[in-house]
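Every chain is numbered from 1 and lettered A, B, ... according to where its sequence line falls, protein lines coming before strand lines.
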Amino acid sequence: MAPSLSDVMTPDAAALAASSKGEGRAPLEAGSPEHDLFTGLTRLGDTTLILGHRVSEWCGHAPVLEEDIALANMALDLIGQTQLWLGLAGEVEGRGRDADALAFRRDGWDFHNLLLVERPNGDFGTTLMRQFLFDAWHAPMLKALEGSSDARVAEIAQKAGKEVAYHIERSADLVIRLGDGTEESHNRMQSALDALWGYTGEAFIADAVDTRLAEAGIMPAPESLRPAYDETINAVLAEATLKRPESNFAHKGGKQGRHSEHMGHLLTQMQWLQRAYPDARW
Amino acid sequence: MSSEWPLWEVFIRGQHGLNHRHVGSLHAPDAELAIRHARDVYTRRNEGVSIWVVPSAQITASAPSEKGPLFEPANAKVYRHPTFYDIPDEVGHM
């Protein structure tokens, strides 16, 4: 059934989607352990989903065939991880929403991804820099999640960790090659770094949900990942002859559902089919 | 850009195969990236456990025009195939 105008205007489209499936259960109570876990899982799953979508935008447009395929592979890795994180989030929520419902039937304010990953692709250098700045956080994050007190979380982290070990190897290598490459490639990588740096800090800033998840041993305290991050960033940027920006100003809000102007455009592209033809199948 | 990158031949050893087999070629600026590209292009469906890359320029090939002298003489030498032995049943498949 196609959504009517009133459906489209409903602020809580998520609840509407759930109720239309006959799932009458009340939303999770904010501050409850289940709600915290659901939020933590959507932060992970939304981040991999949005980045996966962004990277997939390169499909057919990368500078060379080999890089095109490499980017598509990475996008698919990230979407695969999304299925696991959001699949578990849906189970934890218990209101009948699966990974697809969470990915395609929520609005911007219900997404909890880091702002970094919704940044537009820009040129190839900007895409690679964004990837590197993300991977340098993602790898130690998954490493820490392998020790989660929640066995389901640990299991997903273990599987994703193998993929991400390759992502960081690749993105770091390309950042070094292009940073320490020609004058043109160096300048592009430096301006990409300068433009994106302000979006890296958010991942290390804890809110109440993060703190409770850390106390429960389910997810690491965000700030605990900073030393590993700095070590990777400093080593790679030095080898790439790139200068780390001095400002530690951090844009934030993505984890709480406050997004940049780019998010709506991205969701329009990503969700239009399931919005126009709910439950459409191949 | 891609025309500036040299061509590499890619050899993959499969899950159960003993030998590396030629699977195709790709462009890359150096050997390290050629391995990485090979991983991304040729092992997406779990095809391999080991990758070799060789600069295509390093391969010396026989000339197609010499096909006759090189290979045709072997056609007439059936006795080089071990088909003139009776293999006892208990030996099984060889």
Side-chain angles (χ1 to χ4, degrees), chain A residues 52 55-56 58-81 123-128 131-132 135 139 159-160 162-189 236 239-240, chain B residues 1-68 70-71:
Chain A
V55 176
S56 79
W58 275 102
C59 195
H61 300 278
V64 291
L65 176 72
E66 289 82 355
E67 288 298 336
D68 201 286
I69 295 176
L71 285 171
N73 287 348
M74 198 164 52
L76 285 171
D77 285 349
L78 291 166
I79 302 289
Q81 294 169 20
D123 61 14
F124 189 62
T126 304
T127 291
L128 287 176
Q131 190 67 42
F132 168 65
D135 292 340
K159 182 172 186 301
K162 293 196 188 87
E163 295 171 345
V164 172
Y166 181 76
H167 297 178
I168 178 76
E169 192 183 310
R170 196 183 106 80
S171 63
D173 180 68
L174 289 171
V175 164
I176 291 168
R177 284 168 184 270
L178 291 168
D180 189 18
T182 65
E183 193 185 340
E184 169 81 17
S185 72
H186 174 86
N187 290 342
R188 281 178 185 248
M189 295 313 276
V236 170
E239 204 177 336
Chain B
M1 182 71 186
S2 68
S3 61
E4 295 168 17
W5 285 356
L7 193 65
W8 300 76
E9 299 301 324
V10 181
F11 300 82
I12 305 253
R13 185 154 75 84
Q15 303 287 348
H16 307 293
L18 294 174
N19 305 322
H20 285 72
R21 293 175 68 101
H22 184 241
V23 294
S25 56
L26 48 74
H27 290 95
D30 62 26
E32 195 191 339
L33 262 184
I35 291 273
R36 200 159 286 171
H37 284 162
R39 180 265 188 198
D40 282 325
V41 177
Y42 290 112
T43 67
R44 303 176 77 228
R45 296 173 187 87
N46 204 22
E47 291 93 337
V49 294
S50 168
I51 301 172
W52 288 351
V53 290
V54 180
S56 305
Q58 293 296 316
I59 290 181
T60 307
S62 61
S65 59
E66 289 173 22
K67 206 172 71 177
L70 281 179
F71 306 119

(Q) Within a 6.0 Å radius of atom CD on B:Gln15, are there more than 12 heavy atoms belonging to other residues, nucleotides or ligands? (A) yes

Q: Against chain B, label A:Leu65 side chain, backbone, both or neither, depending on which of its atoms sit under 4.5 Å from a heavy atom there.
A: neither

Q: Ignoring hydrogens and angles, tell me if any N or O in the side chain of A:Glu66 forms a donor-acceptor pair with the backbone of B:Val41 under 3.5 Å.
A: no

Q: Identify which part of B:Arg44 has an atom lying under 4.5 Å from any heavy atom of chain A, answering side chain, backbone, both or neither.
A: side chain

Q | Atom CD of A:Glu239 with >12 non-hydrogen neighbours under 6.0 angstrom | A | no

Q: Taking B:Asp40 for its side chain and A:Ile69 for its backbone only, find out whether a donor-acceptor pair lies under 3.5 Å.
A: no

Q.
Salt bridge or not between B:Glu32 and A:Arg177? Use side-chain N to carboxylate O under 4.0 Å.
A. yes

